[in-house]
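Notes for the one structure printed next.
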Amino acid sequence: MFIQPAQRMKLHILSCAFVLAASGMDGVHAEESAAMTDFVRGNGCFSCHSATEKIVGPSFQSISSKYADDKDAVPALVQSIKNGSVGKWSSRVAMPPHQNISNEDLTRLAKWVLSQKP
C-alpha cells in the first residue's frame, strides 16, 4: 500500500502526539521529547520508522521491546544507527548508515528510542 507524503506526515504527527499523550509527561519531559521528535524528523528517521507501526523498519516501540532486557542496548543501537544494519528484523532491507550524526546525538537518540514503550 502506498501512502501519499502528506498522509505519511499526518500519521507521523499523530504518532508523536499519541506517544506524548500516552506517556503522561510533565512539561519539562514533554519539551525534551518534542525536541527529540523534531531531531528524529529532521534526520529522516520517520521515513522508515514510526512510534507504533512498522513502515519499512520496525516501530520504535518494537525496538524498545526487543532491547528491554539488554544492558548493552544503547551502544548496540548507536552502532546500528551509525553504521547501518541488515537482517536484525528478519528483513533484507538494509538500514542505511547515519555517520553524520554525532556520537552524543546518537546516544540521545538510542535512549529516546528505548524510552518508547507500548
Side-chain angles (χ1 to χ4, degrees):
M1 177 168 95
F2 178 75
I3 299 175
Q4 296 291 331
Q7 292 172 318
R8 183 178 299 167
M9 181 58 73
K10 287 179 187 177
L11 287 172
H12 291 310
I13 291 169
L14 289 173
S15 293
C16 293
F18 170 76
V19 169
L20 288 172
S23 68
M25 292 183 197
D26 63 26
V28 173
H29 288 103
E31 284 181 30
E32 290 171 9
S33 186
M36 277 309 298
T37 300
D38 288 343
F39 178 82
V40 169
R41 184 178 297 112
N43 281 284
C45 304
F46 284 132
S47 297
C48 297
H49 302 277
S50 84
T52 60
E53 303 282 330
K54 176 182 178 4
I55 299 177
V56 174
S59 71
F60 294 129
Q61 289 180 353
S62 294
I63 297 168
S64 178
S65 292
K66 179 177 182 172
Y67 287 93
D69 296 325
D70 185 347
K71 64 180 177 71
D72 297 320
V74 172
L77 286 178
V78 165
Q79 289 304 308
S80 290
I81 299 165
K82 183 174 188 168
N83 299 320
S85 67
V86 65
K88 289 186 177 184
W89 295 88
S90 302
S91 173
R92 290 186 227 165
V93 177
M95 181 171 135
H98 294 83
Q99 296 177 343
N100 60 324
I101 302 174
S102 73
N103 286 335
E104 180 181 332
D105 284 342
L106 286 168
T107 299
R108 284 186 12 201
L109 175 57
K111 288 178 179 178
W112 180 83
V113 169
L114 294 169
S115 75
Q116 305 305 300
K117 305 293 183 198

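For the numbers below, each heavy atom of this structure counts, side chains included, while hydrogens, waters and symmetry mates do not. Count residues from 1 along the sequence.
Between the CG atom of Leu114 and the OH atom of Tyr67 there is a distance of 9.0 Å, given to the nearest 0.5 Å. In this structure, the separation between CD on Glu53 and CD on Gln61 is 9.0 Å, given to the nearest 0.5 Å.
Within 6.0 Å of CG on Asp69 lie no more than 12 heavy atoms contributed by other residues, nucleotides or ligands.
Side-chain contact check for Phe46 versus Ile55: every heavy-atom pair is 4.5 Å or farther apart. For the pair Ile63/His49, a side-chain contact is recorded, criterion being any heavy-atom separation below 4.5 Å from C-beta on. Within the 4.5 Å cutoff, side-chain heavy atoms of Lys82 are placed close to those of Asn103.
Partners of Asp70 according to the side-chain hydrogen bond (donor to acceptor under 3.5 Å, both in side chains) rule, which considers only residues two or more places apart in sequence or in another chain, do not exist here. Residues passing the side-chain hydrogen bond (donor to acceptor under 3.5 Å, both in side chains) test with Lys117 are Ser64, sequence neighbours excluded. Applying the side-chain contact (heavy atoms from CB on, under 4.5 Å) rule to Lys66 yields the partners Lys88, Trp89; only residues at least two apart in sequence or on another chain are considered. The side-chain hydrogen bond (donor to acceptor under 3.5 Å, both in side chains) test applied to Ser59 returns Ser62, not counting sequence neighbours. A search for side-chain contact (heavy atoms from CB on, under 4.5 Å) contacts involving Lys111 returns Val74, Thr107, not counting sequence neighbours. Looking at residues two or more places apart in sequence or on another chain, you find no side-chain hydrogen bond (donor to acceptor under 3.5 Å, both in side chains) involving Asn43.
Sorted by first then second residue, the salt bridge (Lys or Arg N to Asp or Glu O under 4.0 Å) pairs that include residues 91-104, not counting sequence neighbours, number zero.
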Identify each donor-acceptor pair in which a side-chain atom of residues 93-101 lies under 3.5 Å from a protein atom, sequence neighbours left out, and give them as a table.
residue: His98; atom: ND1; partner: Ile81; partner atom: O; Å: 3.4
residue: His98; atom: ND1; partner: Pro96; partner atom: O; Å: 2.9

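Note: Phe60 and Trp112 have perpendicular aromatic rings, judged against thresholds of 30 and 60 degrees for the angle between ring planes.
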